[in-house]
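One structure below.
Treat the numbers as computed from the prediction; the structure is a model and nothing was measured.
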Amino acid sequence: KFSAVFITIPHPVLGGALIIMFGMFNGVVLSNLQSVDLSSTRNSAIIGTSLLVGLMLPHWIERYPNTVDTGYPDVDDVLKMLLGNPNMVGAILSCFLDNTVPGTPEERGITAWQTVDEEAVSSGNYQEGFEVYKPWLPARVTNASFMTYIPFMPNPKKPVPERHLSVDLGRRKSLVHAIPTGR
């Protein structure tokens, strides 16, 4: 009976809701690019390649479904489903390219996300290190040798350098003020 309520929604209303939803989704995604240097050839190439491959590969998989043949029908179906999703293909490719193609932290927009909240520092609530972000994975997985190659995973074997807030705060402020905000 609960699903009957959704069946009664007229198609134009449902279409309008989907347009608004996907429009807001795209707006949120694009707002994350405000701190990235979009005049950089590196970033333009990564965005363009991700969009193009993200749109082309699912179309190719749909047109030629028998090209994915691992010998296991279940694995073939999963791969076709995953490679047929434009959002997933583009997102995985852009994350891979952003973490493998060399670029400065300013160019990648990393320095804008590393600003220090002065109020949190003065109140003593400032923490940094492995203990702040410890993924919920078994110790066997986090200590595995392949984890050192995943750029967003902390490495517990690598010592965290001591940081002096007065020095780092001044350095970060100068980096953040050097980034054009476009406002």
Side-chain angles (χ1 to χ4, degrees), residues 18-63 79 81-121 126-135 137 142 144-183:
L18 286 173
I19 288 172
I20 297 297
M21 182 186 72
F22 284 114
M24 290 186 67
F25 173 77
N26 289 331
V28 169
V29 168
L30 292 176
S31 72
N32 287 326
L33 296 176
Q34 68 184 351
S35 60
V36 175
D37 182 13
L38 292 176
S39 64
S40 163
T41 306
R42 171 197 179 273
N43 292 339
S44 297
I46 289 173
I47 292 170
T49 304
S50 300
L51 285 172
L52 183 66
V53 172
L55 293 172
M56 282 186 356
L57 188 61
H59 179 70
W60 182 73
I61 292 292
E62 182 181 328
R63 184 171 237 189
L79 285 175
M81 180 200 55
L82 293 176
L83 295 175
N85 184 343
N87 292 329
M88 193 204 72
V89 171
I92 288 178
L93 183 62
S94 64
C95 287
F96 174 76
L97 290 175
D98 188 44
N99 286 307
T100 55
V101 176
T104 64
E106 291 82 11
E107 189 177 39
R108 295 179 64 194
I110 294 174
T111 53
W113 292 99
Q114 290 180 338
T115 58
V116 175
D117 184 11
E118 293 181 36
E119 191 174 306
V121 172
Y126 179 77
Q127 294 178 342
E128 187 171 317
F130 181 73
E131 62 279 350
V132 174
Y133 171 69
K134 186 172 191 290
L137 295 172
T142 56
S145 60
F146 70 88
M147 293 298 270
T148 58
Y149 298 106
I150 301 176
F152 55 84
M153 294 299 291
N155 185 356
K157 297 176 184 175
K158 184 178 176 184
V160 178
E162 286 292 323
R163 302 191 68 148
H164 301 287
L165 289 178
S166 60
V167 175
D168 286 346
L169 189 59
R171 181 183 61 82
R172 287 182 180 176
K173 276 186 179 176
S174 66
L175 289 174
V176 169
H177 291 301
I179 298 173
T181 59
R183 294 181 187 165

Using only atom types and a distance under 3.5 Å, with no angle test, would you say the side chain of Ser31 pairs donor to acceptor with the backbone of Val28? yes
Once rounded to the nearest 0.5 Å, what's the spacing between atom CG of Leu57 and atom CG of Leu52? 10.5 Å
Run Leu79 and Ile61 through side chain to side chain contact (heavy atoms under 4.5 Å, CB included) and show every step you take. CA-CA 10 Å; Leu79 285 175; Ile61 292 292; over 6 Å; no
Please say whether more than 12 non-hydrogen atoms of neighbouring residues, nucleotides or ligands are located less than 6.0 Å from CE in Met21. yes
Can you check whether Glu106's main-chain N or O pairs, donor with acceptor, with Asp37's side chain at less than 3.5 Å? no
Taking all non-hydrogen atoms of both residues, which atom of Val89 and which atom of Leu82 are closest, and how far apart? CG2-O, 4.0 Å
All pairs passing salt bridge (charged side-chain N to carboxylate O under 4.0 Å, His left out) where residues 86-97 contributes a residue, at least two apart: none
Tell me if a side-chain donor or acceptor on Thr49 pairs with a main-chain N or O of Ile46 at a distance below 3.5 Å. no
State which residues pass salt bridge (Lys or Arg N to Asp or Glu O under 4.0 Å) with Asp98; sequence neighbours excluded, sorted by chain then number. Arg42, Arg108
Quick check: are there more than 12 heavy atoms from other residues, nucleotides or ligands sitting under 6.0 Å from CZ of Phe146? yes
Find the distance between CD1 (Ile47) and OG (Ser94) and round it off to the nearest 0.5 Å. 8.5 Å
To check you understand the geometry: which heavy-atom pair defines the closest contact between Pro58 and Gly84, and what is its length? CB-O, 3.4 Å
Quick one: CE on Met56 to CG on Leu51, what's the gap to the nearest 0.5 Å? 12.0 Å
